[in-house]
There are 2 protein chains.
Amino acid sequence: MVHGGKPRPMKGIRQLAEHLDISIGTVSRALNGKPDVNEETRKRVLAAAEQLGYVANQSGRSLRQGTTNVIGLMIQSSKETVENSDNFFLTVTGGLQSVFSRHNLDLIMLPCPHDEDPYEYLKRMVARRVVDALILSETQRVDKRFDMLAKAKIPFAALGRSLSGVQHPWTDLDFDGVANCAIDRLVAHGHRRIAISTPASDINLGFVFVEGYRRALERHGIPYDPALVIRAKSSEQGGYQVADELLRLDDRPTAVLLIYELMAIGLYRRVMEAGIVPGRDIAVVGFREAPRAKFLQPTLTCFRTSLHDLGVELAEILLSSMPAYNHFYPNTRLQRTWPLELVPGESDAFQLTTRK
Amino acid sequence: MVHGGKPRPMKGIRQLAEHLDISIGTVSRALNGKPDVNEETRKRVLAAAEQLGYVANQSGRSLRQGTTNVIGLMIQSSKETVENSDNFFLTVTGGLQSVFSRHNLDLIMLPCPHDEDPYEYLKRMVARRVVDALILSETQRVDKRFDMLAKAKIPFAALGRSLSGVQHPWTDLDFDGVANCAIDRLVAHGHRRIAISTPASDINLGFVFVEGYRRALERHGIPYDPALVIRAKSSEQGGYQVADELLRLDDRPTAVLLIYELMAIGLYRRVMEAGIVPGRDIAVVGFREAPRAKFLQPTLTCFRTSLHDLGVELAEILLSSMPAYNHFYPNTRLQRTWPLELVPGESDAFQLTTRK
DNA sequence: ACGCGCTCCGTAAACGTTTACGATACTATG
DNA sequence: CATAGTATCGTAAACGTTTACGGAGCGCGT
């Protein structure tokens with residue numbers, strides 16, 4: 001039984017303690033920055049820990065204190081979601097982490113498998129107790145997950161508002177504001193028959209988007225026509241399909257508002273097949289800005305925002321709703337819509353001449 | 001102290017045991033499917049656990065058995081990576097999970113913050129001991145992470161081969177095979193001056209890609225010209241830049257091989273600005289297939305593969321390298337390149353007429 | 001000399017599991 | 001009936017932390 005030699009891999013705080021010839025209590029206090037420990041011994045402990053490569057076992061720690069210092073971001077990578085949303089999550093993640101890291105919190109992503117019920121998945125993850133708090137995305141119109149988390153008293157914030165019972169913290173892109181702005185612009189250009197695309201799923205953003213569209217129309221005295229609300233997947237194929245439906249309408253719309261900018265690629269393609277050119281015969285406005293939109297001809301009018309900053313906001317909202325952290329973020333609004341900036345393109349830059 | 005009434009939230013296995021009036025040992029054995037427990041009582045235990053919503057505390061469990069049943073997928077969301085699509089990761093994730101879930105393993109994603117050194121980040125995550133094994137992606141040419149994990153004796157597999165010392169399990173797309181096939185095709189069409197794009201970073205796939213390109217060229221007796229290897233970011237902008245550089249070359253190439261299919265969008269745009277049309281004046285071949293490629297005019301010749309199946313393979317490789325699971329996957333090759341299938345498009349479907 | 005407060009540290013009890021070990025009751029076998 | 005074997009269960013010791021509690025030593029004022 002060799003005892004000296006190379007510093008063998010640390011087994012636990014116990015070995016570190018007996019190597020320093022002090023008690024484990026003191027070692028623990030030294031490592032955790034507790035006040036009642038001599039500065040001198042703290043230095044020794046930290047040095048020894050560094051040298052021997054000791055690092056606290058997280059299981060033991062979180063068993064004892066019931067906390068893990070990990071925040072989970074649940075993402076439901078449904079087939080549809082996978083097709084769009086490329087950099088969306090990773091960009092938001094960057095913003096989240098920039099805040100969390102200041103508090104020594106780590107972020108992990110919890111991807112719900114396609115074939116599993118998100119609610120059951122979340123239950124499993126909560127039961128694992130590997131996260132202290134959660135960020136939910138892709139919120140449904142009514143979302144059982146919120147009620148469950150509220151009942152389980154685990155803090156959470158949502159990326160996207162919802163109608164669910166509990167008042168929960170969230171940030172959300174300003175979907176109705178965007179719809180509002182787009183309609184104002186299109187109406188000013190002479191359009192009165194304006195279609196809108198919305199996701200086929202129960203995700204809440206679609207409802208909010210259409211609601212804003214409806215209110216804006218009514219403000220201009222234009223009746224709301226359900227036939228102009230086209231449900232389609234948020235992908236290029238979806239855009240193609242939207243155009244297809246548009247062309248089939250009797251009183252063909254002169255403008256269309258897309259929930260997802262990539263759809264414009266498919267839409268352009270389909271209408272051009274029909275001899276209709278975007279930006280001249282039909283106005284197109286897209287939600288959010290993708291780098292790809294810049295490569296469309298004609299360039300797409302859309303809305304820009306910083307997803308990174310949205311992540312920052314979301315993290316702060318979550319933390320301010322957690323007792324242990326809320327003093328860092330004293331007066332934070334717990335619900336916040338995130339503004340977007342209009343990026344004018346050529347796709348709607350024409351005045352509609354009343355042709356009939 | 002009320003004792004009856006609503007089933008209050010379970011505190012632990014102890015309460016569950018005394019509610020059933022049996023010992024905690026038996027309860028634990030019943031829940032974990034151990035053999036020495038009466039089928040009758042097992043049923044009772046499972047029923048009670050279900051009814052009271054009991055679920056084992058993961059910290060306690062993993063403290064005791066030193067295992068967490070969680071696999072981590074580390075992703076370095078570098079700025080550049082974010083610009084490309086993360087549906088890559090989400091798709092692979094689907095394949096991984098379909099395997100892991102059979103073994104009651106959960107997958108979490110560990111996104112390394114932009115501003116943190118991936119190596120340090122990984123060290124922190126390993127220290128947390130929240131994962132039993134790891135999957136690394138975006139492997140560098142030489143990657144310190146592998147050595148660290150090997151030394152720490154934590155199992156891992158990589159998405160992408162590397163030159164690092166240790167023989168580690170990996171799957172990788174068949175970059176050199178693709179380069180090979182593309183060159184054969186282009187040469188058959190009369191091209192001899194063929195450019196190639198490669199990432200600007202130290203990620204290994206670029207080296208493998210160029211290596212395959214080089215060997216294929218030499219097989220055809222075409223000298224390798226370093227000037228034709230263009231480093232650029234894997235984005236539309238990068239494609240634009242590649243085209244820019246191409247146009248600046250004296251003896252202008254008649255074909256180009258792109259490491260990332262989205263680059264074709266920018267490349268098309270730039271060459272068309274110069275009056276050169278893809279598929280007639282210049283041949284373009286892209287690596288991997290994106291849905292977007294279908295919307296390009298002319299359609300892009302590229303290579304298709306199932307990233308989901310690649311995930312399946314990767315998961316199996318990882319598990320077969322773990323003592324506790326390897327009997328499930330007896331004779332699995334621990335290193336495997338993943339084949340891709342050619343998807344012929346119009347972008348290289350012309351015979352080069354020798355023009356000079 | 002005594003008591004008090006302060007600083008620093010050791011002791012031991014939790015946290016919620018799993019599991020080796022032994023105990024009990026019952027069955028089969030001689 | 002004695003004994004061995006089997007099926008089932010209870011007991012208690014781990015796993016590695018954190019932390020409440022108390023104790024030792026010291027300075028200081030009375």
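These numbers come from the heavy atoms of this one structure, side chains and all, not from hydrogens, waters or symmetry mates.
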Measure CD/A/Q65 against P/C/dG16 and give the value in whole Å, please. 13 Å
Under the salt bridge (Lys or Arg N to Asp or Glu O under 4.0 Å) rule, collect the residues that match up with B/E313, sequence neighbours excluded. B/R336
Under the side chain to side chain contact (heavy atoms under 4.5 Å, CB included) test, which residues partner A/R44, sequence neighbours left out? A/L20, A/E40, A/T41
B/L63 or B/P35: which one's nearest nucleotide on DNA chain D is closer to the 5' end? B/P35
Could you go through residues 150-159 of chain A and list every donor-acceptor pair under 3.5 Å that involves a side-chain atom there, pairing it with any protein atom two or more places apart or in another chain?
none

Can you check side chain to side chain contact (heavy atoms under 4.5 Å, CB included) on A/I75 and A/M109, steps first, answer last? CA-CA 7 Å; A/I75 79 186; A/M109 297 169 76; 3.8 Å; yes
Which nucleotide sits closest to the side chain of A/V37: C/dC9, D/dT17, C/dT19? C/dC9
Side-chain contact test, heavy atoms from C-beta onward, threshold under 4.5 Å: evaluate it for A/I108 versus A/L73 and give yes or no. no
Protein-nucleotide distance (B/L20, atom CG; D/dC9, atom C1'), rounded to Å: 14 Å
Let's see if you can work this out: which of D/dC9, D/dG16, C/dG16 has an atom nearest to the side-chain heavy atoms of A/N57? D/dG16
What residues form a salt bridge (Lys or Arg N to Asp or Glu O under 4.0 Å) with B/R61, not counting sequence neighbours? none
Rounded to whole angstrom units, what separation is found between the NZ atom of B/K34 and the P atom of D/dG10? 16 Å
B/D36 side chain: which of D/dT8, C/dT18, D/dT19 is closest? D/dT8
Rounding to 10 degrees, work out the angle separating the end axes of the helix from C/dA1-D/dT30 to C/dG30-D/dC1 (five pairs an end). 60°
Within the pair B/T41 and D/dT8, is there a side-chain N or O less than 4.0 Å away from OP1 or OP2? no
What is the distance from CG of A/L31 to P of D/dT18, rounded to the nearest Å? 7 Å
By side chain to side chain contact (heavy atoms under 4.5 Å, CB included), B/T26 pairs with (sequence neighbours left out) B/I22, B/S23, B/R29, B/V37
In whole angstrom, what separates A/D21's CG from C/dC9's C1'? 13 Å
Please work out if A/S62 contacts a base, only the sugar-phosphate, or nothing of the nucleic acid, heavy-atom cut-off 4.0 Å. nothing
Can you pull every protein N or O that's under 3.5 Å from an N or O on nucleotides 11-14 of chain D?
unit_1: D/dA14; atom_1: N3; unit_2: B/R64; atom_2: NH1; d: 3.3

Given atom CZ of B/R44 and atom P of D/dC9, what is their separation to the nearest angstrom? 9 Å
Donor on one side chain, acceptor on other, B/S320 and B/N326, under 3.5 Å: no
Using the side chain to side chain contact (heavy atoms under 4.5 Å, CB included) criterion, which residues pair with A/S101? Sequence neighbours excluded. none
Expressed as a whole number of angstroms, how long is the span from B/Q58:CD to C/dC15:C1'? 15 Å
Who passes salt bridge (Lys or Arg N to Asp or Glu O under 4.0 Å) against B/E39, sequence neighbours left out? B/R42
Distances for protein N or O near nucleotides 23-27 of chain C N or O, under 3.5 Å:
none

Looking at C/dG16, I'd like to know if its phosphate oxygens (OP1 or OP2) sit under 4.0 Å from a side-chain N or O belonging to B/R61. no
Toward the 5' end of DNA chain C, which comes first, A/N38 or B/I13, by nearest nucleotide? A/N38
Any side-chain N or O of A/S28 under 4.0 Å from OP1/OP2 of D/dT18? yes
By salt bridge (Lys or Arg N to Asp or Glu O under 4.0 Å), A/E120 pairs with (sequence neighbours left out) A/K123
Test ring pair (Phe, Tyr, Trp, His ring centres under 6.0 Å) applied to A/Y325 - qualifying residues, sequence neighbours left out: A/H103
How close or far is atom P of C/dG16 from atom CG of B/N32, stated in whole angstroms? 17 Å
